[in-house]
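Quick one: the structure is below, and I'll ask about it shortly.
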2 protein chains.
Amino acid sequence: MSTVSPNPPPEPATASAGTDLALAADLRVTLSRATRRLKAERGEAGLSDPQFNVLAILLREGPTSPGRLAEHERIAAPAMTRTVGCLADRGLVRKDEHPTDGRQVVVSLTAEGEAEVAETRRRRDAWLSARLAGLDTEDRAVLTQAAEILRRITAS
Amino acid sequence: MSTVSPNPPPEPATASAGTDLALAADLRVTLSRATRRLKAERGEAGLSDPQFNVLAILLREGPTSPGRLAEHERIAAPAMTRTVGCLADRGLVRKDEHPTDGRQVVVSLTAEGEAEVAETRRRRDAWLSARLAGLDTEDRAVLTQAAEILRRITAS
DNA sequence: TATTGTTATACTCTATAACTATA
DNA sequence: TATAGTTATAGAGTATAACAATA
C-alpha cells in the first residue's frame, strides 16, 4: 500500500479548513485537465460536445422531446431546436410526430447515431484504459475509490 | 413510448481482468460530471470558459502574445484575437506594443482581470471544499492520491 | 390560457483564407 | 520570404423575444 501521507501534526480540529481548500484547488485543476484531455478523443463524425451530449442522452433514456433535451442540458429551447436539426441533417437522429400530442416532436437515435456514441466512447475508454494499464494495482484501487467519492459529492 | 433499449448503467469496477475498461468508463463519466458542476461556479463577470482560460494563463505565466495564447489553447489565431479583444474591451487585459518586435502584441492582466480569476477560483474552491469537508479523513486521503495519479497519467 | 416548438435576431467562439505590417 | 496579427467570411452554439399550432 502506498503511504497514506499521514497528516502533518498541527492543528487538531480546524485543520480541515485549510487542507480542504488546498485539496480543492488541486483537485479542481486536475479534474479539469483530465476531462479536457479525454474529450479530445472523438468519433468519426467529429461532433461538438453539445451534439454528442444529445446523442448520449437519447441512448441512455430513449426517445424524448426537444423540450426535455433542452431542460436536461439546461439550455434554452431554441438552442436545442438547432442542435437537433443539425443532428437530423446528418442522419444521427430522427424527428417524428408525437402519437397523441400534435405539439410535440419525438427525437430518437438512428443506428448511425448510436454507432457514433459507441465509437466515441470506445475511443475515450481506450485512451483512458491504456493509461490505467500502466498503473499498479494500488493506484487503480485509489482511482476506483475516488470515482465513488466524486460521484457522491457531485450528486449533491 | 417504447424506448430504444437504454444502456444499463456502468458496472462498478471489480478486481479482475478487463477492469481497466470498466474503470475507464466509470472514471470518464465521473470526471466529466464533476468538472461540469465545478465550472458552473463563476465569478462576477460571468466570463465564458475560453475567456476565463486566457486570464488564468496570463496569471500563471505572465504577459505573452496572442499567438502563444492561441497555441496554448490549441485554437486558431483569429479566434484568440477576438477573445483577447473582448477581454480588453471589458478591461480585464491590456494590449501593449512589444518593445523590440513591432509585429508582436503583448497581452497582460489588469488588476481587474486578476481579481476576476481570484474570485472565480475562490467560488469553485469554496464549492468543492465545502463538499470535501463532509468527507472523512480516509476519503480525503484517497482524493489526494487520486489527484496525483490523474496528474501523472494526464501529463503523458 | 397554457404548452410546445419554431423563427427572428444578436452575441460569442470557432475555422480558413486573405491581407497588412514587420523582420 | 517568413512571421505576427488582423480582417473577412462562414458555421455552430447560446440567449431572448415573438410567433404558430395544439391542448
Side-chain angles (χ1 to χ4, degrees), chain A residues 32 36 39-40 42-58 63-108 113 116 120, chain B residues 1 36 39-40 42-43 45-58 61 63-108 113 116 120:
Chain A
S32 176
R36 200 179 334 131
K39 295 208 166 168
R42 304 194 174 189
E44 283 296 331
L47 298 179
S48 67
D49 274 3
Q51 288 173 340
F52 178 78
N53 286 341
V54 166
L55 297 189
I57 295 169
L58 291 174
T64 187
S65 70
R68 289 297 186 105
L69 291 171
E71 189 181 352
H72 196 292
E73 292 300 275
R74 296 166 191 265
I75 65 174
M80 188 53 75
T81 292
R82 291 197 66 173
T83 296
V84 167
C86 254
L87 292 171
D89 288 344
R90 306 181 64 162
L92 299 170
V93 305
R94 196 176 52 242
K95 295 169 69 176
D96 299 303
E97 294 178 358
H98 191 282
T100 65
D101 189 337
R103 299 170 302 181
Q104 289 194 44
V105 171
V106 177
V107 184
S108 41
E116 176 63 24
T120 299
Chain B
M1 103 183 24
R36 201 179 331 133
K39 295 206 166 168
R42 305 195 172 187
L47 298 180
S48 67
D49 274 2
Q51 288 172 339
F52 177 78
N53 286 341
V54 167
L55 298 189
I57 295 168
L58 291 174
E61 307 189 359
T64 187
S65 69
R68 290 299 187 105
L69 290 170
E71 190 181 352
H72 196 291
E73 292 299 275
R74 296 166 191 263
I75 64 175
M80 189 54 75
T81 293
R82 293 200 67 173
T83 297
V84 167
C86 252
L87 292 171
D89 289 344
R90 306 181 64 162
L92 299 170
V93 304
R94 197 176 51 244
K95 294 169 68 175
D96 299 304
E97 293 177 1
H98 191 282
T100 66
D101 188 336
R103 299 170 303 181
Q104 289 193 44
V105 171
V106 177
V107 184
S108 42
E116 176 63 22
T120 299

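Residue numbers start from 1 in every chain, and the chains themselves are labelled A, B, ... in the order their sequence lines are given, proteins ahead of strands.
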#### Entry: Interatomic distance, B/D49 CG vs C/dC11 P [rounded to whole Å]
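So the two atoms are 21 Å apart, to the nearest Å.
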### For A/S65 against A/Q104, the heavy-atom pair lying closest together
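Closest heavy-atom pair between A/S65 and A/Q104: CB-OE1, 3.9 Å.
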### Query
Below 4.0 angstrom from OP1 or OP2 of C/dT7, is there any side-chain N or O of A/T81?
no
### Task
Answer yes or no: is there a donor N or O on one side and an acceptor on the other, between the side chain of B/R90 and the main chain of B/L47, under 3.5 Å?
no
### B/K95 side chain near D/dA4 phosphate (N/O to OP1/OP2, under 4.0 Å)
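False: B/K95 side-chain N/O out of range (4.0 Å or more) of D/dA4 OP1/OP2.
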### Task
Indicate whether OP1 or OP2 belonging to C/dC13 is found under 4.0 Å from a side-chain N or O atom of B/Q51.
yes
### Euclidean distance, atom CD of residue A/E73 to atom C1' of D/dA15 [Å, nearest integer]
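So the CD-C1' distance, A/E73 to D/dA15, works out to 16 Å.
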### Between OG on residue A/S48 and NZ on residue A/K39, distance to nearest 0.5 Å
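Here the interatomic distance stands at 11.0 Å.
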#### Entry: Rounded interatomic separation in angstrom, taking NE2 from A/H98 and C1' from D/dA21
15 Å
## Note on the structure
Atom CD of A/E97 and atom P of C/dT4 are separated, to the nearest Å, by 17 Å
### Message
D/dA4, OP1 or OP2 - any side-chain N/O from B/S65 closer than 4.0 Å?
### Response
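Result: no.
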### Task
Please tell me which of the listed nucleotides, C/dT22, C/dC13, D/dT6, lies nearest to the side chain of B/D101?
C/dT22
Considering only nitrogen or oxygen atoms on both sides, find all protein atoms under 3.5 Å from nucleotides 14-17 of chain C and state each distance.
{"residue": "C/dA15", "atom": "OP2", "partner": "B/A76", "partner atom": "N", "Å": "2.6"}

### Query
Taking CD from B/Q104 and P from D/dT6, how many angstroms apart are they, rounded to a whole number?
11 Å
### Task
List for me each residue that meets salt bridge (charged side-chain N to carboxylate O under 4.0 Å, His left out) alongside A/R103, sequence neighbours excluded, and say none if there are none.
A/D101
### Task
Using whole Å, report how far CZ of B/R103 lies from P of D/dT1.
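One finds 17 Å between P of D/dT1 and CZ of B/R103, rounded.
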### Task
Measure across B/G113 and B/L55 and return the closest heavy-atom pair with its distance rounded to 0.1 Å.
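Answer, listing the atom of B/G113 first, then B/L55: O-CD1, 4.0 Å.
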### Message
Filter on salt bridge (Lys or Arg N to Asp or Glu O under 4.0 Å), then keep only pairs touching residues 67-89 of chain A, sequence neighbours left out; what's left?
### Response
none
### Query
How close or far is atom P of D/dT14 from atom CG of A/N53, stated in whole angstroms?
9 Å
### Sidechain-backbone polar pair: B/E116 side chain, B/L92 backbone, donor-acceptor under 3.5 Å
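No; zero donor-acceptor contacts below 3.5 Å.
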